[in-house]
Amino acid sequence: MQLKSTGLLSILTFSEKRKDLLFLLEEGPRSLSQIREHFNVSSPEISPRLKEMEAANFIYKDEKEYHITSIGRVAAKHLRPLVDTLCSIEKNEEFWKEHILEGIPQHLLDRISELGECTIHEEGIENIYDSHKNFLNNIAESKEIYGVSSIFIPIYPEFFANLAKNNVPTSLILTRNVFEKVKNEYTETMQMYLDSDKTSLYLIESSKVAFVATDNFFSLSLFFKNGSYDPQRDLMGTGQTIANWGKDLFEHYKKEAREITSL
């Protein structure tokens with residue numbers, strides 16, 4: 001079955017105003033003056049859109065107000081997730097376009113709208129280590145920390161050992177290359193981390209993502225399509241929804257990892 005290019009789909013997708021009208025009336029009835037005020041438009045500007053929506057059976061008008069119809073409510077329910085998803089992708093379009101996404105499971109990519117409030121933090125190559133210091137300052141006061149590390153940053157071992165020392169619940173997954181480097185060059189520091197009752201460490205062979213999720217923060221780094229790591233741009237966001245998405249990504253990798261209990 002094909003939808004007509006001039007049919008119901010075009011009513012909602014070919015006009016920002018009509019789509020926004022549907023979502024507005026989904027919240028509750030509005031008078032014409034309230035609709036004009038909401039969109040900051042005149043009656044001649046908005047009236048044709050209202051008539052088109054009425055003709056499509058998405059809305060109806062009684063003596064005083066415009067209402068959403070039952071069919072309009074169905075359309076709004078299914079349209080909103082699509083709009084939210086596309087807005088989330090579009091907001092950080094270059095980030096998603098230029099990087100490998102195979103490291104993110106499909107069921108989480110399907111929930112990409114939950115990252116809609118994230119922004120890109122970009123740092124000049126000459127300030128990479130400073131940016132990592134700033135990043136660590138952002139998570140230093142977290143109540144719990146989950147992370148996957150597929151790259152090695154020299155300031156990380158001491159930082160996470162101090163979290164363990166301060167009894168901050170921390171779970172880390174290291175790729176084999178990172179694990180071997182830390183094990184060989186930071187043996188005492190790693191042992192200090194493992195000795196804590198509040199920490200866990202896992203080993204995974206490889207990963208095409210690097211990220212940290214806390215109780216209220218998430219930061220994601222990806223690899224370019226040529227296979228090299230992007231050290232300059234991170235997708236970052238705060239809030240419970242974003243943090244939970246990050247924790248779910250951690251759980252995905254945890255299922256594939258092997259726990260390390262001793263050196």
Side-chain angles (χ1 to χ4, degrees), residues 99-100 102-104 121-224 226-236 238 243 246-263:
H99 295 97
I100 297 171
E102 284 78 359
I104 303 174
H121 176 80
E122 186 165 358
E123 194 69 68
I125 196 71
E126 70 279 2
N127 297 319
I128 291 302
Y129 287 117
D130 288 338
S131 70
H132 282 289
K133 288 178 183 177
N134 293 332
F135 159 75
L136 294 179
N137 288 336
N138 285 332
I139 66 173
E141 302 301 321
S142 300
K143 297 177 182 177
E144 56 184 19
I145 297 175
Y146 307 87
V148 169
S149 181
S150 50
I151 57 165
F152 176 77
I153 303 295
I155 58 179
Y156 280 11
E158 192 68 34
F159 175 81
F160 284 102
N162 284 331
L163 290 177
K165 191 175 179 181
N166 293 324
N167 293 315
V168 178
T170 306
S171 295
L172 297 177
I173 299 173
L174 306 182
T175 59
R176 180 167 294 280
N177 288 342
V178 174
F179 172 76
E180 294 296 339
K181 184 173 183 64
V182 177
K183 176 183 175 182
N184 293 332
E185 299 180 19
Y186 298 83
T187 308
E188 290 185 12
T189 305
M190 178 175 275
Q191 191 61 57
M192 184 188 305
Y193 175 87
L194 287 172
D195 287 343
S196 171
D197 294 332
K198 299 286 188 178
T199 61
S200 55
L201 182 67
Y202 301 87
L203 174 66
I204 196 170
E205 288 303 317
S206 63
S207 168
K208 288 302 180 183
V209 297
F211 67 88
V212 164
T214 77
D215 46 289
N216 197 52
F217 173 77
F218 176 62
S219 176
L220 173 69
S221 302
L222 295 175
F223 287 71
F224 289 118
N226 64 8
S228 64
Y229 175 72
D230 181 358
Q232 294 180 258
R233 286 177 296 174
D234 298 312
L235 184 77
M236 292 186 181
T238 59
K247 291 178 194 176
D248 289 345
L249 182 59
F250 178 84
E251 289 299 321
H252 165 78
Y253 277 94
K254 183 180 173 181
K255 290 176 183 176
E256 301 179 358
R258 173 171 64 88
E259 186 168 10
I260 303 295
T261 56
S262 66
L263 299 181

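Quick note: numbers below take in every heavy atom, side chains included, and nothing from hydrogens, waters or symmetry partners.
Of the possible donor and acceptor atoms, one in the side chain of Ser150 sits under 3.5 Å from a partner among the backbone N and O of Val209. Proximity of a side-chain donor or acceptor of Tyr253 to a complementary backbone N or O of Gly103 within less than 3.5 Å is detected. The closest donor-acceptor contact from the side chain of Thr170 to the backbone of Val168 lies under 3.5 Å. Judged purely by atom type and a 3.5 angstrom limit, Ser149 uses its side chain to pair as donor or acceptor with the backbone of Ile151.
Cation-pi check for Lys208 over Phe223 is met; the charged atom lies under 6.0 angstrom from the ring centroid and within 45 degrees of its normal.
Side-chain contact, Asn177 with Thr175: no donor N or O sits under 3.5 Å from an acceptor N or O.
The 12-atom threshold is not exceeded at NZ of Lys254, counting heavy atoms of other residues, nucleotides or ligands nearer than 6.0 Å. Atom CG of Asp197 has 12 or fewer heavy atoms from other residues, nucleotides or ligands within 6.0 Å.
In summary, of the residues considered (Tyr146, Tyr193, Phe179), a side-chain contact (heavy atoms from CB on, under 4.5 Å) with Leu172 occurs for Tyr193 alone.
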Worked verdict on Thr189 versus Met192 for side chain to side chain contact (heavy atoms under 4.5 Å, CB included): CA-CA 5 Å; Thr189 305; Met192 184 188 305; 5.6 Å; no
Between Asp234 and Leu220, is a side chain to side chain contact (heavy atoms under 4.5 Å, CB included) present by the stated rule, with each step listed? CA-CA 5 Å; Asp234 298 312; Leu220 173 69; over 6 Å; no
Could you walk me through whether Leu174 and Met190 satisfy the side chain to side chain contact (heavy atoms under 4.5 Å, CB included) test, starting with their C-alpha distance in whole Å, then the side-chain angles of each, then the deciding distance to 0.1 Å, before giving a yes or no? CA-CA 12 Å; Leu174 306 182; Met190 178 175 275; 4.1 Å; yes
Report the C-alpha separation of Ile145 and Val212 in whole Å, then their side-chain angles, then the decisive distance to 0.1 Å, and conclude whether the side chain to side chain contact (heavy atoms under 4.5 Å, CB included) test is met. CA-CA 7 Å; Ile145 297 175; Val212 164; 4.0 Å; yes
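Checked for salt-bridge contact, Arg176 and Glu180 meet the test: a charged N lies under 4.0 Å from a carboxylate O.
When all heavy atoms of Glu256 and Ile204 are compared, the pair lying nearest together is OE1-CD1, 3.8 Å. Residues Ala243 and Thr214 share a closest heavy-atom pair of CB-O, 3.4 Å.
Checked against a 6.0 Å centroid threshold, the rings of Phe160 and Tyr186 do not count as neighbours. Ring centroid separation for the pair Phe224 and His99 comes in under the 6.0 Å cut-off.
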